[in-house]
2 protein chains.
Amino acid sequence: MTAARTAPAPDDAAPAASKSQRAYDWLAARIARREYAPGYRLVLGTIGAELGMSVVPVREAVRRLEAEGLVTFERNVGARVAMIDDSQYRQSMETLAVLEGAATALAARRLAVAELRRAREVNRRLVASLEDFDPHTFTALNQEFHAVLFAPCPNPRLLELVTAEWSRLGRLRDSTFAFVPGRAQESVREHEEIVALIETGAPLAEIESAARRHRSATLTAYLAHEHPDDAPHHPDDAAPAAPVRPSPGGTR
Amino acid sequence: MTAARTAPAPDDAAPAASKSQRAYDWLAARIARREYAPGYRLVLGTIGAELGMSVVPVREAVRRLEAEGLVTFERNVGARVAMIDDSQYRQSMETLAVLEGAATALAARRLAVAELRRAREVNRRLVASLEDFDPHTFTALNQEFHAVLFAPCPNPRLLELVTAEWSRLGRLRDSTFAFVPGRAQESVREHEEIVALIETGAPLAEIESAARRHRSATLTAYLAHEHPDDAPHHPDDAAPAAPVRPSPGGTR
DNA sequence: TCGAGTCGGATCGTATACGACTGCCTGCCC
DNA sequence: GGGCAGGCAGTCGTATACGATCCGACTCGA
């Protein structure tokens, strides 16, 4: 729902896209490229001047970015690029694990052999890209692999959320695999397992679980690498532990 | 992420909220109340005149509504209330089943006894509301019950999506229980089961599955009641079926 | 009678203008 | 020296104005 249109045609000759759209794309690109770092102050007038347009389209673009969580906005004060901390990345990954797992399971029974073949082919390209490793292309291929798998998911709403979360992640961090290169190898192996599960008609619960664990594992690897002190804690952490914690304080 | 602020204070004396915000609230309310039916043409100037403001705030409100999927917008043509079909409702319910299940599981280990007591109390009120049944209040209490359960979920992003989906559902349909009154009784029973699972420290997977099935069952009941011909088909439909379908046509 | 071209109204897209609010800096008073 | 009040610059919020675009209807000719 959120990231709907993202410039159908950039602009060839005529200004096919509206100025608001151009402003949106321009800002989103700058933020993604970290040219506008988190906390950076976005002044409507300045941006408008830089883009050769009035403040009105810029304003609209900023409000859209705000709705997507890329920038924060304070009334009568102004907009600034949202502060992104590590926990946001973790949360998005965790959420994506849930969404993607469900989407993959829902799509599993609708995958034709041609699509499975295509998924394998993408995975082969992933393997090939392991030598001469480039995190960015690896992430792109990785996304393509998963996209093939959950594309036939009959629930467009779920797909929408998955896509939104993917792009959100992309803006939070260019590629996880840049941080934990070792994870890439393991990842492609898990890909093959997931494809095999789908192919053999494994129970949907099992497929969902595998897909979810696959992503959670990437997150865990990242956390272990960057923050060795953090607890792993992902959706599949099913340690029974104590039945209930005692009430720490008030009702809430 | 989408439905962030929804009017902190309506407006007592001073226009605390901006006009854009007022326009947004006003439009959202009208759409929810079906006063603006799906397909209804939203003309900026007219609405602005009716609200005693210029088109600019109205425009912004409409764009926000567009971002949330409530209205569609066509350039140089105008906005109209989004056409909502039954499948959207189904998809939202299905998605919410996934999200809520995950959130509940993630929150389970963090629920203190006080919160469980509170959940049970809300459920008691649900039981009480069964006689002299009002679908609207039942839905509100139902939401409160679940909110208590997943509130301690440590993943704010996931909670955000759950909340967004709840409000989306609320706008698609006031209350499911208005359509399938019989489902309400069953629902409160399942509530107790979920609380018991959490209390006894059942595996997280089991809690998640129960929470998900709980919502899926509501959807199934609705579908069976309204569209007896539709297949049930929900996330837990784990019928093994054939391993893979043959490729129906091209690669895609 | 039917089609194509043209005209007009309706609506949006953007620019410009002005008022309102916020935060900071300066200067005064204690 | 510290604290508070006032002023000032920077921004946003909204109104108004005008050009651009689209859609429907009307007219004119074959």
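Residue numbers begin at 1 in each chain, while the letters A, B, ... track the order of the sequences.
Rounding to whole angstrom units, CG of residue A/Asn76 and P of D/dC12 are separated by 9 Å. Whole-Å rounding puts the A/Leu51 CG to C/dT14 P distance at 12 Å. The nearest whole Å value for the distance from the CZ atom in A/Arg75 to the P atom in D/dC12 is 13 Å. Look at CD on A/Glu60: it is 11 Å from C1' on C/dC12, rounded to the nearest Å. The nearest whole Å value for the distance from the CD atom in B/Glu74 to the P atom in C/dC12 is 12 Å. Atoms CG (B/Leu44) and P (D/dT16) sit 15 Å apart, rounded to a whole Å. Rounded to whole Å, the distance from NZ on B/Lys19 to P on D/dT14 is 7 Å. The distance from atom CZ of B/Arg80 to atom P of D/dC23 is 11 Å, rounded to the nearest whole Å.
In the set C/dT11, D/dG13, C/dT14, D/dG13 carries the atom at the smallest distance from any side-chain atom of A/Arg63.
A/Leu65 pairs with exactly one of A/Val81, A/Leu27, A/Thr72 by the side chain to side chain contact (heavy atoms under 4.5 Å, CB included) rule, that one being A/Leu27.
By the 4.0 Å N-to-carboxylate-O rule, A/Arg63 lies close enough to A/Glu66 to be salt-bridged with it. Here A/Arg157 pairs with A/Glu160 in a salt bridge; the nearest charged N to carboxylate O distance falls below 4.0 Å.
Dashed line: the shortest gap from a side-chain N or O of A/Ser20 to OP1 or OP2 of C/dT14 is under 4.0 Å. For C/dT14, the OP1/OP2 oxygens have no side-chain nitrogen or oxygen of A/Ser54 closer than 4.0 Å. Taking side-chain N and O atoms only, B/Arg59 has a distance below 4.0 Å to OP1 or OP2 of C/dG13.
Where B/Val56 and B/Thr46 each meet DNA chain C at their nearest nucleotide, the meeting point lying more 5' is that of B/Thr46.
Taking the six-membered ring for Trp and thresholds of 30 and 60 degrees, A/Tyr222 and A/Phe179 have ring planes more than 60 degrees apart, a perpendicular arrangement.
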